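These notes are about the structure you will find just below.
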Amino acid sequence: MIDYKTSLNAAQYAAVTATESAVLVVAGAGSGKTRTIVYRLAYLAEHGVDPHSMLLLTFTRKAAQEMLHRASHLLDQGLAGVQGGTFHSFAFSALRQFPPAWLAGRHATIMDSADINAALKQCKDDLHLGKGDRSFPKTAHIASLLSKARNKEMPLDEVIRRDACHLMPHADALCQIEEAYAAYRRRAGLLDYDDLLFELEGVLRENALAAQSLRERFRYIMVDEYQDTNRVQARLVRLLAGQEGAEGSACSVMAVGDEAQSIYAFRGADVRNILDFPTLFPKARIIRLEENYRSTQPVLDVANALLRNAPEGYRKHLFTSKAGGEPVRYVVPINDNSQADLVTARVQDLLQSHLPHEIAVLFRAGFHSYQLELALRKAGIAFRKYGGLKFSDAAHIKDVIAYARMLLNPLDMPAFERIAALHRGIGPKTMRKLYALATEGQPEATHKAFAKFPEFLQDIAFLDDVRAKALQPEAALTAIVEHYRPLLEEHYPEDYPRRQQGLEEITHMAADYQALDLFMADLALESPDEEEQDSEGKITLSTVHSAKGLEWNAVIILDLVEDRFPSRHALARPEEFEEERRLLYVACTRARQILDLCVPAATYNRQERMQEYAVPSPFMRELPSTACQTWVESFGGMLQQREAQQPAPSRLLPPSQPQPSAPEQSKAVGALASPVALGYCRHRIFGRGKAIKYIAPDKMQVHFPGLGIKTILTDYLVMEEGSAPSCPAE
DNA sequence: CCATAGACTGAAGAC
DNA sequence: CAGTCTATGG
């Protein structure tokens, strides 16, 4: 038996052993919440609970696998029966078992983001909306608005009014698109990410048999990262748990979360779920894990400083009983290009040091790491990148996936169209016509139309043939790859050998699956990593979002300048600005021993085709000078330590007066509740000679919701291009 | 005259 | 990779 009392602290022990009632674990960063879940899994297994009745919902499948792996390691026995993964993947497997009535008998396919975009584009075109209108939102933007509406469970026009008021003129058109898109999915038997959750909720409510069967099976539910669940997800937990205290429902739910780490409000996550948990489960115990076991005090000091400045004041103070630790470094490269070189050199140093070589470089957006990727390649340092483009985003992989999907679901419209478009002479118009004909069932017309494209006909015949053979996933994919080969060479004459390797990889991955549709679902839900084994010795590049829940000995954060971190998209509303703060908090708390914050003095502006002075991120400006050690790059690439002083003072608006005080600003404050956000926005306008170009007057309302154009012009736009910045308040 | 192919630019975060 | 613009083929 495992000695839980000595392996865990008192709070962790309480959380692990509280299996009778619902438990909410509020766990600070690095306070051992993974450890708690791992020990709880082991504890349950040791006390005779069948792994089959445990459900572990985490943010990534990888997180679930790792916890299960660690738990079975503790136990000396496997925990194979535990169902673990994301809400979405769990929903898919539940729906596979208990499909909703409208899907009866069909293999539903999950749409990936490319499918969603294609579908929306088609709906938009069919309705003749937004043609040639530059102010009409881009397809990807429409997708994010529709998804936001569903995740927040708010009508679409409400979401537009609140989050994108400049799109109000298009609200009607967008609502029409939303409707058409819903019809499209039903017709083609497709589920998008949001459908997975709502359809499962529907099944649990309407299909008593299914609900009972799932409830009987899952007696122990554990939900990680609860602060990033949305309303439906909370309802799903509730529905799966059944009535608390009701006869025969011994279901025990444990939710683990940290409100300071909520970084998914943009996709509808609702921190209220944590606050409402005790209402949902009145008998719930609440346990707090506070001591940090991960990071050194200097790292925690920076993290604490970040939260201290949050207007909402999370009552969080991370502490460790370990003393000492390397100071956090505030590094100022000359520009983003030399940042890549400095980071590469730093990584090389760390790799040669005695420290365990677990190093991560984190950044706000996928493309921020491009320069670094080049520099690392040149230096011969192996890395692995998470976030941004996925393995399954590559065109050739998508092609093969399309074949596999059409194998499962001949009506899968995006797949059909993708395959059609592979052949010469078929463009958007023709492929839609062909799909319509093929599904309407007019044999003669269909025959005639398809006869013009013999290669496409061959594809269809090939798929019919493979379908008849009912092959295993690996064999089916091998056949597809072989069939696709000539097309691959035709479409990618320059680099098809490299792409062929990717195709071999995907065939190989399929070998682990019993059924093709399960494999397809996993590809759409989470791109499985190519081969885990060679990850040894590689450093990690990752977006902060993808770094959630992970930790490294050394963490380097890139591009802590305005426009990048916080992202320029996060300016419109104070809540979004605060989410950026929590995002940076998450990034810093990933570090165990070493934390480097990179604040390039200049960044490349693509429009101007030149380097431009960058403004340090407001989060950096507010950091007390004692929190870190400043290193400035001098010409020639040398880093020099600068004696304690306010790190890299903001260029034009010193941190001592970041907020406007003049009376004329008070009317502007109306819409922007947070003075921090206002100070920040003002800084952007006045802090740079190019501000007028940067935020065009007619776009100002986007950045300052609620401000009229007149106010903006009279109160704000006081400088002309190229002139010295001047500010009415001064 | 429509539909397609090819060149070019610009990127948020993720299930 | 997606979206847009333009040249060209049917």
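Every value quoted in this text rests on a predicted model; they were computed, and no experiment measured them.
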Interatomic distance where [atom1] belongs to [X] and [atom2] belongs to [N] [whole Å]:
X: A:F59; N: B:dC15; atom1: CZ; atom2: P; answer: 8 Å
X: A:R267; N: B:dA14; atom1: CZ; atom2: C1'; answer: 5 Å
X: A:D125; N: C:dT4; atom1: CG; atom2: C1'; answer: 13 Å
X: A:Y370; N: B:dA12; atom1: OH; atom2: P; answer: 11 Å
X: A:Y492; N: C:dC1; atom1: OH; atom2: P; answer: 6 Å
X: A:H423; N: B:dA5; atom1: NE2; atom2: P; answer: 12 Å
X: A:Y193; N: B:dG13; atom1: OH; atom2: C1'; answer: 14 Å
X: A:L197; N: B:dC15; atom1: CG; atom2: C1'; answer: 8 Å

The side chain of [X] lies closest to which of these nucleotides: [options]?
X: A:K398; options: B:dA12, B:dC15, C:dC1; answer: C:dC1
X: A:K429; options: C:dA2, B:dA3, B:dG13; answer: B:dA3
X: A:K121; options: C:dG3, B:dT4, C:dC1; answer: C:dG3
X: A:A365; options: B:dC15, B:dA5, B:dA12; answer: B:dA12
X: A:T430; options: B:dA11, B:dA3, B:dA14; answer: B:dA3
X: A:H88; options: C:dA2, B:dA3, B:dC15; answer: B:dC15

Using a heavy-atom cut-off of 4.0 Å across all strands, would you classify [X] as base, sugar-phosphate, or nothing?
X: A:K452; value: nothing
X: A:Y264; value: sugar-phosphate
X: A:R364; value: base

Answer for the Watson-Crick or wobble partner of C:dC1, both distances under 3.5 Å, is B:dG10
Q) Is the shortest side-chain N to carboxylate O distance from A:E199 to A:R186 below 4.0 Å? A) yes
Below the 4.0 Å mark, does [N] have OP1 or OP2 next to a side-chain nitrogen or oxygen of [X]?
X: A:T543; N: B:dA14; value: yes
X: A:K138; N: C:dG3; value: no
X: A:T139; N: C:dG3; value: yes
X: A:S113; N: B:dC15; value: no
X: A:S147; N: B:dC15; value: no

Are [X] and [Y], when compared by the centres of their aromatic rings, separated by less than 6.0 Å?
X: A:H368; Y: A:F565; answer: no
X: A:F87; Y: A:F92; answer: no
X: A:F619; Y: A:F577; answer: yes
X: A:H545; Y: A:F266; answer: yes

Nearest-nucleotide check on DNA chain B, A:E579 vs A:I426; residue mapping nearer the 5' end is A:I426
Exactly one of A:N230, A:T229, A:D228 clears side-chain hydrogen bond (donor to acceptor under 3.5 Å, both in side chains) with A:N273, and that residue is A:T229
### Is_stacked (A:F266, B:dG13) at 5.5 Å, 30 deg
yes
